[in-house]
There are 2 protein chains.
Amino acid sequence: MPVPIKISEETFTPRQQAVLTAALDLLVENGDGITMTAVARRASCSKETLYKWFGDRDGLLTATVQWQAAKVRMPTVDRSHLSAKVLRESLEQFARDLLTTIIGEVSITLNRTAITHAAQEKDSLGNIVLENGPLAIRRRLKPILEAARDARLLRFSASEDAYRTFFGLVVRDVQIRLLLGDSGLTQSNVEANIEVDVKAATDQFLALYGAKANL
Amino acid sequence: MPVPIKISEETFTPRQQAVLTAALDLLVENGDGITMTAVARRASCSKETLYKWFGDRDGLLTATVQWQAAKVRMPTVDRSHLSAKVLRESLEQFARDLLTTIIGEVSITLNRTAITHAAQEKDSLGNIVLENGPLAIRRRLKPILEAARDARLLRFSASEDAYRTFFGLVVRDVQIRLLLGDSGLTQSNVEANIEVDVKAATDQFLALYGAKANL
DNA sequence: CTAGAACCGTACCGTACGGTACGGCTGCGG
DNA sequence: CCGCAGCCGTACCGTACGGTACGGTTCTAG
């Protein structure tokens, strides 16, 4: 529980959302080159308005990241009907959503932007991305894992360790390679193997933490 | 085998290495803010010399990253005496080196710099970091895994999958969280748990891929 | 001792970009 | 119809920084 993060929706007006969309598009296209003038031109608004609405460049960037990051959806699982089958399907759904998200251009752009930002003693963007990415997964996954343990479907001492193992098995080196622009790892390249990887990661996780044969 | 990468040592003179050291220090301290003037002042050299030696800002950055990244050492394992015990120790050594590297400030800075760079359609830095990081690990680890399979110590169909699983089990979410500047994950914080994590990752990997009880 | 190469320090130039100011257009309350 | 608020477009300002030019100093070769 490090720093209190502004998670609230902030309720942007439609016009403001159009501006943020323009900013995000530019971010995805031109990398971090994004200038205020470019955003203003793309969004057909004046720079004065940008500054009025978002304060400064950082404010615009923060609003963009925050607004977009909050869109990442996360599967919800009914913890009351946990069976081996339901557990497996839930885990697969988490893995699928996680993989699908991190290989998306938007996610890559957001992570790159936040990391660039973090390289300049500013960690606000990093915290927003973390909060809506890994930490959101953790919040959603942990209760399920613990419910599964209570139902004698999983066996572990610390749910934190189980969560992190799951994360590692799913993500592997995919995210860092995409962030670094690995030429041998295109988005479509990974996309084609999602289902295989999802299955493999789930199998491995259950092999490590399953209380019995959970096929 | 995407793009031919300049891996050669490039043989920098001591004076040039002093300049690169200064550049790296500034990179670690000030994040990506690094200006040519700042490097020149820190290294007590003239900007003219910087441009003469490294061409432009990108050249200096590239030289710095390349020179530093090449320093990452990687354990060498004698493949001829592979036993269960030697295999385990080798894996633990790989895991330890990998973890120790990625949590270091230098590694974080290099990765951040390369990612920032990759966000601007320049992927040269990213390739250098990849080549000396994940891909170097892979080159070193794969032969060992395959030797272990030949020795009936491990069981897998594709060494690529085994390597990536190992990577995931070791790194988990540590690297991305550090890159994003997670306030709840300090370097010393992680450092204290390296041995535990190394042990856990190795145990898990052997549990998944070991041909028998490999304790 | 001299010539020249290498290099330091500093001044300088051009430009890109963050941020501000302002004139003009549109729409709405009175 | 008037006035005002909000916003667009553009022009403008200040500065930071990449890159160049140049005079002065040290070192080396002959």
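Throughout, protein chains are lettered first and strands after them, A, B, ... in sequence-line order, and every chain is numbered starting at 1. Model, not experiment: these values are computed from the prediction.
When each of A:Val129, A:Leu20, A:Leu60, A:Leu24 is tested with A:Val65 by the rule side chain to side chain contact (heavy atoms under 4.5 Å, CB included), just one qualifies, namely A:Val129.
Phosphate contact (OP1/OP2 of D:dG6, side-chain N/O of A:Trp53, threshold under 4.0 Å): absent. At the phosphate of D:dA16, neither OP1 nor OP2 sits under 4.0 Å from any side-chain N or O atom of B:Arg57.
For A:Thr101, the side-chain hydrogen bond (donor to acceptor under 3.5 Å, both in side chains) test picks out no residue, with sequence neighbours left out. Listed by chain and number, the residues in a side chain to side chain contact (heavy atoms under 4.5 Å, CB included) with B:Ala22 are B:Arg42, B:Ala43 (sequence neighbours excluded). A:Ala201 pairs by the side chain to side chain contact (heavy atoms under 4.5 Å, CB included) definition with A:Leu169, A:Val170, not counting sequence neighbours. Remark: A:Lys142 engages A:Glu160 in a side-chain hydrogen bond (donor to acceptor under 3.5 Å, both in side chains) (not counting sequence neighbours). Scored by the side-chain hydrogen bond (donor to acceptor under 3.5 Å, both in side chains) test, B:Ser107 finds B:Asn111 as partners (sequence neighbours excluded). Listed by chain and residue number, nothing satisfies the side-chain hydrogen bond (donor to acceptor under 3.5 Å, both in side chains) test with B:Ser157 (two or more places apart in sequence, or in another chain).
Sorted by first and then second residue, the pairs that involve residues 187-199 of chain B and meet side-chain hydrogen bond (donor to acceptor under 3.5 Å, both in side chains), not counting sequence neighbours, are B:Arg96-B:Glu195, B:Thr186-B:Ser188, B:Lys199-B:Asp203.
As a whole-Å value, the separation of A:Arg15 CZ from C:dT26 P is 16 Å. The nearest whole Å value for the distance from the CG atom in B:Leu50 to the C1' atom in C:dA6 is 14 Å.
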Under a 4.0 Å heavy-atom criterion, the protein footprint on nucleotides 20-28 of chain D, written with B, S and -, is B-B------
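Contacts of residues 18-41 of chain A with DNA chain C (heavy atom under 4.0 Å): A:Ile34, A:Thr35, A:Met36.
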